[in-house]
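Quick caveat: nothing in here was measured; it's all calculated off a predicted structure. All heavy atoms count here, side chains included; hydrogens, waters and symmetry mates do not. Each ligand, and each atom within it, is numbered from 1 in the order the structure gives.
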Amino acid sequence: GQLLTPQELLCAIKTKVNISTLVTADLPQNADSWSQYLPRKTLQEEVKSLGKCAVVSSAGSIKHSRLGQEIDTHDAVLRFNAAPVLGYQADVGTKTTFRLLNSQLVSRPELKFLEDPLYKEGSLIMWDPAPYNANVEEWHKNPDYKFFERYSEYRRRNPEQMFYVLNPHAAWQLWDIIQQNAPEDINPGPPSSGLLGILLMMNLCDQVNVYEFLPSRRQSDLCHYYERYQDRACTLGAYHPLMYEKNLVKKLNLGDDNSIFHFGRITLPGLRGLQC
Ligand code: NCC
């Protein structure tokens, strides 16, 4: 297809991806549905606007980076899934404002989402890939993971902690743009939590620094900074079109290549001020 310019890409993201979170009224009416546990306001209504934000990827290459202090200077910090802070503060910082979770992590009991204190800090946001082009009702009948019961249980146990669910259209709306920006047909797997988190923060913040999504000189086969597991696919993608996600984000980078090489850092503009 025709590749997009950076400006066209930003406008496509701003106007075509609805990265909002769900409220009860978005779902079919049913008194005992999990949807009664959704927060009353959307994340965007609750947070309004933030200044400088950080997105911390879970990549092994952030290990030994000593980026922690820099990451903590941001107004808000987003992390992913089971990525810990405790024991890794020097490299990943201490602050957790948001944590983006995939529905697999919430649904599979052996992953200990209900028990692990890691999840008690900051606001949680979960996403689950709908079938391509499904509407909310179809998704509700056929989610990728059956997260309903454990989502409700977490909310009952932790009613004060915000726990949002991303609009299920967002992932495929974003996928369409990744495909549009790619020189060949890409895998029909949904985008990674990484790219969804980046977009979420571009939506909420004036400026977004992303760490080790585009890997620094520390790049290796180490999948996560907090595990020994090695797999190149964690960085390059298999199920998720990670390589294409990274090419897309590279195009939007306001920073220089040196910052990528040394710090794994890219700087992206917020979408709010953007004229399309
Ligand atoms: O590994 P994961 O991702 O939790 O990583 C979060 C995001 O960081 C970026 N990343 C990670 C590792 C790496 N070497 N390079 C990177 O750029 C990616 O953008 C990634 O999205 C996910 O996206 O939700 C994912 O979740 C895991 C797993 O479910 C969770 O960690 C929960 O345990 C998936 N792994 C498996 O299912 C085995 C992974 O495919 C995607």
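Protein heavy atom in closest approach to atom 20 (C) of ligand 1: Gly194 N, 3.9 Å. The protein non-hydrogen atom at the shortest distance from atom 8 (O) of ligand 1 is Ser58 N, 3.5 Å. Looking from atom 3 (O) of ligand 1 to the surrounding protein, the closest heavy atom is Asn81 ND2, 3.7 Å. The protein heavy atom nearest to atom 13 (C) of ligand 1 is Cys234 O, 3.2 Å. When hydrogens are left out, the protein atom nearest atom 1 (O) of ligand 1 is His224 NE2, 2.6 Å; that is the closest non-hydrogen contact. The protein heavy atom nearest to atom 12 (C) of ligand 1 is Cys223 O, 3.4 Å. Of the protein's heavy atoms, Ser193 OG, 2.5 Å lies nearest to atom 24 (O) of ligand 1. Scanning all protein heavy atoms for the shortest distance to atom 28 (C) of ligand 1 gives Asn102 ND2, 3.8 Å.
Inclusion of Gln104 in the set of residues having an N or O under 3.5 Å from an N or O of ligand 1 is warranted. No N or O atom of Leu242 sits closer than 3.5 Å to an N or O atom of ligand 1. The shortest N/O to N/O separation between Tyr226 and ligand 1 does not fall below 3.5 Å. For the pair Ser192 and ligand 1, the shortest N or O to N or O distance falls below 3.5 Å.
Of the possible polar contacts, none joining the Arg217 side chain to the Ile260 backbone as a donor-acceptor pair under 3.5 Å is found.
With contacts defined as side-chain heavy-atom distances shorter than 4.5 Å, the pair Asp26/Leu38 does not qualify. A heavy-atom distance below 4.5 Å is not found between the side chains of Ile198 and Glu245. A 4.5 Å side-chain heavy-atom check between Phe213 and Lys246 finds at least one atom pair inside the cut-off.
Annotation: the span from Leu196 atom CG to Trp175 atom CH2 amounts to 14.0 Å, rounded to 0.5 Å. Going from atom CZ of Arg79 over to atom CG of Leu101 covers 13.5 Å, rounded to the nearest 0.5 Å. Expressed to the nearest 0.5 Å, how far CD of Gln173 lies from CD1 of Ile13 amounts to 12.0 Å.
Close approach to Lys246 involves these atoms of ligand 1, each under 4.0 Å from a residue heavy atom: 15 (N), 16 (C), 17 (O). Every atom of ligand 1 with a heavy atom of Phe80 under 4.0 Å away is listed here by number and element: 6 (C). Proximity to Phe213 (heavy-atom distance under 4.0 Å) selects the following atoms of ligand 1: 17 (O), 19 (O).
Counting only residues at least two apart or on different chains, the side-chain hydrogen bond (donor to acceptor under 3.5 Å, both in side chains) pairs with a member in residues 109-125 are Arg108-Glu110.
The shortest heavy-atom distance from Glu245 to ligand 1 is not under 4.0 Å.
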Open item on the list: Between Phe163 and Phe113, is the ring-ring contact (aromatic ring centres under 6.0 Å, His included) condition met? List the steps.
Closed with: CA-CA 13 Å; Phe163 187 177; Phe113 169 65; 5.8 Å; yes

Open item on the list: Between Thr42 and Thr21, is the side chain to side chain contact (heavy atoms under 4.5 Å, CB included) condition met? List the steps.
Closed with: CA-CA 5 Å; Thr42 67; Thr21 61; 3.5 Å; yes

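Closer than 4.0 Å to atom 38 (C) of ligand 1 lies none of the heavy atoms of the protein. For atom 34 (C) of ligand 1, no protein non-hydrogen atom is found at a distance below 4.0 Å.
For Tyr88 and Tyr225, the ring centers are positioned less than 6.0 Å apart.
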